[in-house]
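Let me begin by presenting the structure, written as structure tokens, before commenting on it.
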2 protein chains.
Amino acid sequence: MLNSETIQAQGLGRLPKSTFRAHIAEQLRAAILSGEIAPGAQIVETALAGLFQVSRGPLREALRQLVEEGLLITVPYTGTHVITLSVDDVREIHSMRVTLECMAFEQAWDKRDAAFRAELQRRHAALIATIDEGDDRAAILAELELHGLVYEASGHRLLQRTWSSLRGRLQLYWAAHHRAHAIRGPRRDGHESYVAAALGDSLEAMRAEITSHMQRGGQQTEKFLQDHRQDTRSMTGMKRGKTT
Amino acid sequence: MLNSETIQAQGLGRLPKSTFRAHIAEQLRAAILSGEIAPGAQIVETALAGLFQVSRGPLREALRQLVEEGLLITVPYTGTHVITLSVDDVREIHSMRVTLECMAFEQAWDKRDAAFRAELQRRHAALIATIDEGDDRAAILAELELHGLVYEASGHRLLQRTWSSLRGRLQLYWAAHHRAHAIRGPRRDGHESYVAAALGDSLEAMRAEITSHMQRGGQQTEKFLQDHRQDTRSMTGMKRGKTT
DNA sequence: TGCGCCCACATTGTTGACAATCGACAATGA
DNA sequence: TCATTGTCGATTGTCAACAATGTGGGCGCA
């Protein structure tokens with residue numbers, strides 16, 4: 001006999017309640033965050049609707065969602081564009097990261113059990129592996145996974161939600177930065193000390209590690225700017241680079 | 001000569017670029033945050049579309065926006081409801097407030113000029129005035145204004161954005177809590193020490209003040225729960241309380 | 001040549017109708 | 001009596017057509 005429980009037990013019953021707007025939002029977000037659709041590119045509703053084979057209705061709702069996530073900007077009757085992060089935006093992302101991740105560790109500090117430690121090292125190993133393979137895109141995702149663990153461990157849903165939003169911008173920046181200027185992705189160094197501190201006994205040391213870890217990322221940005229001396233308003237932007 | 005900048009400087013140029021979804025989202029948000037539409041109430045698209053005299057298209061886009069803001073929850077093909085905050089949600093709101101406001105003061109600490117001090121005292125006075133008048137709803141807004149100043153002063157747009165999101169939930173909680181249980185709004189005490197610390201010289205003292213300030217709010221919640229001993233899953237929810 | 005006006009085009013905003021799905025209730029049969 | 005199934009109303013999802021608006025190019029004119 002097949003009742004709902006036995007079906008669940010067989011791992012079935014997970015048809016993902018398809019609505020077009022959810023699928024579209026998901027795919028569009030992925031395309032934007034990976035850099036497939038470049039920052040500054042214009043989003044034309046009719047074109048995308050044709051691409052996804054849907055009408056403009058569901059598409060527009062997906063766009064509203066991404067606008068609210070901060071990935072798109074819409075000017076009424078004019079157009080929708082992928083955001084371009086300014087240098088100040090990137091600085092703000094870094095400072096916000098420090099604050100959020102410190103909070104996450106505070107919340108999660110006493111909840112670090114064996115499973116947490118194992119998972120932390122597993123993700124660290126995964127990051128190292130992708131770095132060694134030279135797959136920059138995968139390495140970016142792996143690093144986000146590594147840092148995401150503490151948010152999951154915190155059990156703080158609002159904090160996780162906030163991190164998700166920030167993670168989007170961070171991912172966008174990393175992808176655009178890397179893509180536009182062919183800078184190497186995450187490196188091996190820097191993560192060992194992070195993991196060690198996360199497994200250690202001193203929350204204060206962890207805070208210091210986070211601060212220096214993020215500052216390293218910030219300094220990399222500053223150094224890059226000094227080397228290139230371009231407009232400080234839009235470092236990842238480009239005009240009309242829409243990909244089909 | 002009047003160019004766009006001088007117009008902006010005059011505070012004009014704010015013709016509301018009328019798109020229905022913006023108006024609808026604004027009004028709906030206000031209705032939800034004020035408690036006019038109770039937590040848990042179902043949002044029926046056709047009804048609201050009739051109420052606003054628009055078709056369902058723009059209305060749905062406004063709903064998507066509020067869903068993304070975390071004020072509404074939509075289950076496909078089933079319905080859209082105003083969120084109900086659980087006790088854990090409220091705890092998370094409070095802890096997030098502490099973190100964000102500490103960060104805001106860190107960012108704004110060295111930017112506190114005469115204008116900041118004057119504005120802080122002005123908003124404090126406004127809060128006191130509304131409290132003395134007994135207008136609870138105005139007092140809630142005044143308290144949010146007071147606390148919002150430091151976020152404005154921080155100049156950190158991402159932080160402001162995060163605060164806006166949190167402020168929505170906080171406002172929803174305050175309004176629903178107050179409305180459902182006829183609890184007094186903000187009180188005079190507690191804000192003097194906050195303002196004093198914000199004008200003082202010790203950032204560390206400010207952090208302590210914020211922590212205790214928020215903990216007071218949290219303790220009020222806990223005490224209320226002990227007194228009422230109701231379901232801990234939904235403290236502000238009610239069934240089918242849609243207002244027309 | 002430079003400027004301003006006007007118009008056509010591209011794009012977004014809005015609408016009403018139609019289709020798909022869900023939840024609840026009644027009907028059916030063991 | 002109980003479980004299962006069919007049906008119905010309510011609600012949301014989707015679509016294609018129409019209207020409103022901003023943008024850029026061409027034209028006339030000084």
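Lettering of chains follows the sequences in order, A, B, ..., and the numbering in each one begins at 1. Keep in mind it's a predicted model, so treat the numbers as computed, not measured.
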(Q) Please tell me if B/Arg64 has a side-chain N or O lying less than 4.0 Å from either OP1 or OP2 of D/dG13. (A) yes

Just how far, in rounded Å, is [atom2] of [N] from [atom1] of [X]?
X: A/Gln42; N: D/dG22; atom1: CD; atom2: P; answer: 15 Å
X: B/His81; N: D/dT11; atom1: NE2; atom2: P; answer: 10 Å
X: A/Leu72; N: C/dT12; atom1: CG; atom2: C1'; answer: 15 Å
X: B/Ile73; N: D/dT12; atom1: CD1; atom2: C1'; answer: 17 Å

Q: Do nucleotides 14-23 of chain C as a string where each nucleotide becomes B, S or -: B if the base has a protein heavy atom under 4.0 Å, S if just the sugar-phosphate does, - if no protein is that close.
A: BB-B--BSSS

Q.
To the nearest 10°, give me the bend of the helix from C/dT1-D/dA30 to C/dA30-D/dT1, comparing the axes of its five terminal pairs at either end.
A.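 The two end axes of the helix from C/dT1-D/dA30 to C/dA30-D/dT1 meet at 10°.
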
Q | Electrostatic pair A/Arg123:A/Glu152 at N-O distance under 4.0 angstrom | A | yes

(Q) Looking at A/Glu119 and A/Arg122, is any side-chain nitrogen of the basic one under 4.0 Å from a carboxylate oxygen of the acidic one? (A) yes

So, [X] side chain and [Y] main chain: donor-acceptor pair closer than 3.5 Å or not?
X: B/His81; Y: B/Gly40; value: yes
X: A/Tyr151; Y: A/Glu101; value: yes
X: B/Glu92; Y: A/Leu158; value: yes

Q: For the residue pair B/His94 and B/Tyr173, categorise the inter-ring angle as parallel (less than 30°), tilted (30 to 60°) or perpendicular (more than 60°).
A: perpendicular

**Q.** Whether over 12 other heavy atoms sit under 6.0 Å from B/Arg161 CZ
**A.** yes

Q. Looking at CG of B/Leu100 and NE2 of B/His156, how far apart are the two atoms once the value is rounded to the nearest 0.5 Å?
A. 10.5 Å

